[in-house]
Student: 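Input: one structure, supplied below.
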Amino acid sequence: MAKNVLFEIGLEELPARFIDDAQTQLENKTINWLEEKRISYTSIQTFSTPRRLAILIQGMDENQATIEEEAKGPAIKIAKDKDGNWTKAAIGFTRGQGKSVEDIYTNDINGTTYIFVKKVIEGKPVTEILPEFKSIIETIQFGKNMRWGEQSMRYARPIRWLVALYDNEVIPFEIAGVHTSNTSFGHRFLAASVTITNPLAYKEQMKDNFVIVDSKERENLILQGIKQVENQEKFSVPVDEDLLEEVKNLVEYPTVFVGSFEEEFLELPEQVLITSMKEHQ
């Protein structure tokens with residue numbers, strides 16, 4: 001029966017410029033890790049906000065794939081003595097593969113005959129493997145790292161919580177003194193803790209707690225808000241794509257509003273005003 005898995009890394013606010021790359025790393029590292037561990041799945045979706053990086057793996061098999069491998073040993077001239085008996089080299093090779101000399105067969109490679117055995121590597125239950133996912137979290141690279149408290153681990157910002165779920169079961173591991181659980185946190189000011197019991201409900205649960213975990217959705221909300229303000233106020237708001245990219249990663253629940261300045265503060269050249277507001281918002 002296929003399962004769904006959720007990992008969420010809760011952090012102090014990340015710099016906006018770090019977030020998209022970290023999300024991409026999380027996805028790519030996870031795909032490579034699942035392939036290396038021989039764990040099949042149906043789909044992967046990643047999420048990010050200033051306070052979290054998350055990944056949802058759907059349709060995960062309950063066991064690693066079982067594989068049959070061919071193990072190559074020494075050349076036959078080393079594997080057998082002059083009387084045709086198996087040597088210590090051959091016996092040691094087969095024993096190391098969990099086999100015996102009765103399992104040996106030969107193949108020619110580039111004119112040299114070698115001994116081989118076939119071995120079956122049984123797949124483990126994924127519940128035994130998933131705690132190793134901590135290595136993926138630990139190896140995400142950022143433009144600038146820091147240490148906090150007495151921790152030796154270096155990361156962009158301190159880790160404050162870790163969610164790790166295999167359906168409704170917590171996947172146990174610990175990073176920098178933080179233990180996994182099924183408890184996440186909503187918007188810093190508008191919500192509190194959130195208990196997640198179903199990975200598939202993650203996105204909607206967070207939205208109910210004023211966190212839009214899909215960065216593309218936040219971007220669309222900003223654009224929709226700008227369009228609404230334009231219609232209401234009869235404004236024309238030029239969209240700066242670089243600024244939009246930054247702003248979507250500054251907030252977890254974007255809201256577009258109109259502000260104003262005293263006229264005396266707007267007597268500087270237009271480019272100075274725009275640059276200062278853009279860079280120091």
Student: Find out if a path of hydrophobic residues (ILVMFWY) with successive side-chain heavy-atom gaps under 4.5 Å connects V170 to I9.
Tutor: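 Cluster IDs for V170 and I9 differ.
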
Student: Is any NZ, NE, NH1 or NH2 atom of the basic residue among E132 and K37 found under 4.0 Å from an Asp or Glu carboxylate oxygen of the other?
Tutor: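 Salt bridge between E132 and K37, a charged N being under 4.0 Å from a carboxylate O: yes.
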
Student: If you count every heavy atom of other residues, nucleotides or ligands that lies below 6.0 Å from Q232 atom CD, does the total exceed 12?
Tutor: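 More than 12 within 6.0 Å, yes.
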
Student: Got a donor-acceptor contact below 3.5 angstrom from the D81 side chain to the D83 backbone?
Tutor: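 It does hold such a pair.
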
Student: Establish, yes or no, whether a centroid distance under 6.0 Å links the rings of F173 and F133.
Tutor: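 Aromatic pair excluded; centres sit 6.0 Å or further apart.
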
Student: Any chain of hydrophobic side-chain contacts (each under 4.5 Å) joining V178 to V163?
Tutor: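 No.
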
Student: Mind checking who shares a hydrophobic cluster with V120, ILVMFWY linked at side-chain heavy-atom distances under 4.5 Å?
Tutor: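 The other cluster members (ILVMFWY side chains, heavy atoms under 4.5 Å, direct or chained): none.
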
Student: When rounded to the nearest 0.5 angstrom, what is the spacing between CG in L11 and CG in L162?
Tutor: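 Here the interatomic distance stands at 8.5 Å.
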
Student: Kindly indicate, with the supporting measurements, whether the criterion side chain to side chain contact (heavy atoms under 4.5 Å, CB included) is fulfilled by E246 and R17.
Tutor: CA-CA 7 Å; E246 179 183 2; R17 67 186 184 278; over 6 Å; no

Student: Are the side chains of V256 and Q228 in contact, using a 4.5 Å heavy-atom criterion?
Tutor: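 SC-SC contact between Q228 and V256 ruled out.
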
Student: Ignoring hydrogens and geometry beyond distance, is a side-chain donor-acceptor pair present between K119 and Q97 at under 3.5 Å?
Tutor: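 Yes, side-chain donor-acceptor contact under 3.5 Å.
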
Student: Side-chain heavy atoms nearer than 4.5 Å, only ILVMFWY residues, links allowed to pass through others: does that put V117 and W86 together?
Tutor: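 In one cluster: yes.
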
Student: Please determine whether side chain to side chain contact (heavy atoms under 4.5 Å, CB included) holds for the pair F7 and T46, giving the CA-CA distance in whole Å, both sets of side-chain angles, and the decisive distance to 0.1 Å.
Tutor: CA-CA 10 Å; F7 294 101; T46 53; over 6 Å; no

Student: To the nearest 0.5 Å, how far apart are OG1 in T112 and CG in N107?
Tutor: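 If we round to the nearest 0.5 Å, T112:OG1 and N107:CG are 12.5 Å apart.
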
Student: Measure from the side-chain N and O atoms of D103 to the backbone N and O of S100, and report whether any donor-acceptor pair falls under 3.5 Å.
Tutor: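 Such a contact is found between D103 side chain and S100 backbone.
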
Student: Any link between L200 and I44 through a network of hydrophobic side chains (Ile, Leu, Val, Met, Phe, Trp, Tyr) touching at under 4.5 Å?
Tutor: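 In one cluster with L200: I44, no.
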
Student: Would you say the side chain of S184 lies within less than 4.5 Å of the side chain of M206, judging by non-hydrogen atoms?
Tutor: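 Yes; the side chains approach each other to less than 4.5 Å.
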
Student: Ignoring hydrogens and geometry, is there a side-chain-to-backbone donor-acceptor pair from R154 to M146 under 3.5 Å?
Tutor: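 Side chain of R154 to backbone of M146: no pair is present.
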
Student: So, D214 side chain and K216 main chain: donor-acceptor pair closer than 3.5 Å or not?
Tutor: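 Yes.
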
Student: Specify the closest pair of heavy atoms between Q25 and T139, including all atoms of both residues, with the distance to one decimal.
Tutor: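 Looks like OE1-O, 4.2 Å.
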
Student: Could you tell me whether the side chain of E230 and the main chain of V237 form a donor-acceptor pair under 3.5 Å?
Tutor: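 Checking the backbone N and O of V237 against the side chain of E230, a donor-acceptor pair under 3.5 Å is found.
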
Student: Rounded to the nearest 0.5 Å, what separation is found between the CZ atom of F18 and the CG atom of N145?
Tutor: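 That separation rounds to 7.5 Å.
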
Student: Got more than 12 heavy atoms from elsewhere within 6.0 Å of CD, E150?
Tutor: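 Counting other residues, nucleotides and ligands, CD of E150 stays at 12 neighbours or fewer.
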
Student: Tell me which pairs pass side-chain hydrogen bond (donor to acceptor under 3.5 Å, both in side chains) where either residue lies in residues 249-275, with sequence neighbours left out.
Tutor: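 Every pair satisfying side-chain hydrogen bond (donor to acceptor under 3.5 Å, both in side chains) with a residue in residues 249-275: D20-N249, T49-E252, R52-E252, R218-N249, Q271-T275.
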
Student: When you compare the side chain of Q45 with that of I55, does any pair of heavy atoms fall below 4.5 Å?
Tutor: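 No, every pair of side-chain atoms sits at 4.5 Å or beyond.
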
Student: Under 3.5 Å, is there a donor-acceptor pair between the side chain of E8 and the main chain of L53?
Tutor: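 The answer is no, because no donor-acceptor pair under 3.5 Å joins these two groups.
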
Student: What heavy-atom pair brings F265 and L273 nearest, and what distance separates the two atoms?
Tutor: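 Residues F265 and L273, closest heavy atoms: O-CD2, 3.6 Å.
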
Student: V5 and side chain to side chain contact (heavy atoms under 4.5 Å, CB included): which partner among T30, L56, L165, I171?
Tutor: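 Result: among T30, L56, L165, I171, I171 is the only option passing the side chain to side chain contact (heavy atoms under 4.5 Å, CB included) with V5.
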
Student: Under a 3.5 Å distance rule, please check whether E279 uses its side chain to pair with a backbone N or O of M277 as donor and acceptor.
Tutor: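 No.
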
Student: Tell me, do F47 and I212 make a side-chain contact under 4.5 Å, heavy atoms counted?
Tutor: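 Heavy-atom side-chain distance check fails, nothing below 4.5 Å.
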
Student: Where the side chain of T87 meets the backbone of I78, is there a donor-acceptor pair that is under 3.5 Å apart?
Tutor: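 Side chain of T87 to backbone of I78, a donor-acceptor pair under 3.5 Å: yes, one is there.
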
Student: For the pair E62 (side chain) and M1 (backbone), establish whether a donor and an acceptor sit closer than 3.5 Å, ignoring hydrogens and angles.
Tutor: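 Yes, E62 side chain to M1 backbone: donor-acceptor pair under 3.5 Å.
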
Student: Quick check on the hydrophobic clustering: are I129 and L6 connected, directly or via other members, by side-chain heavy-atom contacts under 4.5 Å?
Tutor: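 Not linked; separate clusters.
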
Student: Side-chain contact test, heavy atoms from C-beta onward, threshold under 4.5 Å: evaluate it for I76 versus I115 and give yes or no.
Tutor: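 Counting from C-beta outward, I76 and I115 do come under 4.5 Å.
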
Student: Atom OG1 of T127 and atom NZ of K124: how far apart are they, to the nearest 0.5 Å?
Tutor: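 T127 atom OG1 to K124 atom NZ measures 11.0 Å (nearest 0.5 Å).
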
Student: Closest approach of N4 and G59, non-hydrogen atoms and distance?
Tutor: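 Closest pair (atom of N4, atom of G59, distance): OD1-N, 3.2 Å.
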
Student: Exactly one of R160, R157, R188 should register a salt bridge (charged side-chain N to carboxylate O under 4.0 Å, His left out) with E13. Which one does?
Tutor: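 The residue from R160, R157, R188 that satisfies salt bridge (charged side-chain N to carboxylate O under 4.0 Å, His left out) with E13 turns out to be R188.
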
Student: How far does CG of N63 sit from CZ of R38, to the nearest 0.5 angstrom?
Tutor: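 Output value for this atom pair is 11.0 Å.
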
Student: Verify side chain to side chain contact (heavy atoms under 4.5 Å, CB included) between E122 and T66, making sure each step is shown before the conclusion.
Tutor: CA-CA 5 Å; E122 294 288 343; T66 295; 3.4 Å; yes

Student: What pair of heavy atoms forms the shortest contact from Q23 to S48, and how long is it?
Tutor: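 It is OE1-OG, 2.5 Å.
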
Student: For residues 142-161, which residue pairs qualify under ring-ring contact (aromatic ring centres under 6.0 Å, His included), counting only residues two or more places apart or in two chains?
Tutor: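 Every pair satisfying ring-ring contact (aromatic ring centres under 6.0 Å, His included) with a residue in residues 142-161: F142-Y155, W161-F185.
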
Student: Where do A90 and A79 come nearest, in terms of heavy atoms and distance?
Tutor: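 Heavy atoms only, the tightest pair is CB-O, 3.4 Å.
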
Student: Show which residues join I274 in its hydrophobic cluster (side-chain heavy-atom contacts under 4.5 Å, direct or indirect), or state none.
Tutor: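 Its cluster partners, ordered by chain and number, are none at all.
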
Student: Apply side chain to side chain contact (heavy atoms under 4.5 Å, CB included) to F235 and V258, showing your working.
Tutor: CA-CA 10 Å; F235 289 162; V258 177; 4.0 Å; yes

Student: Contact between Q58 and K3 at the side-chain level, heavy atoms closer than 4.5 Å - yes or no?
Tutor: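 SC-SC contact between Q58 and K3 ruled out.
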
Student: Using a 4.5 Å cut-off on heavy atoms from C-beta on, say whether the side chain of E36 contacts that of N32.
Tutor: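 Side-chain contact under 4.5 Å: no.
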
Student: Say you draw a straight line from CD1 of I140 to CG of L26; how long is it, rounded to the nearest 0.5 Å?
Tutor: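 Answer for the CD1-CG pair, I140 versus L26, is 4.5 Å.
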
Student: Identify the heavy atoms of F93 and A71 that sit nearest to each other, and give their distance.
Tutor: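 Closest approach of F93 to A71: CZ-O, 3.4 Å.
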
Student: Can you pull out every side-chain hydrogen bond (donor to acceptor under 3.5 Å, both in side chains) where at least one residue sits in residues 166-183? Sequence neighbours excluded, please.
Tutor: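 For residues 166-183: none.
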
Student: If you link ILVMFWY side chains whenever their heavy atoms are less than 4.5 Å apart, which other residues fall into the same cluster as I109? By chain and number, please.
Tutor: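 Besides I109, the hydrophobic cluster comprises Y105, Y114, F116, listed by chain and residue number.
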
Student: Considering only heavy atoms from C-beta outward, does the side chain of I196 approach that of Q205 to under 4.5 Å?
Tutor: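 Result yes, sub-4.5 Å side-chain heavy-atom pair found.
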
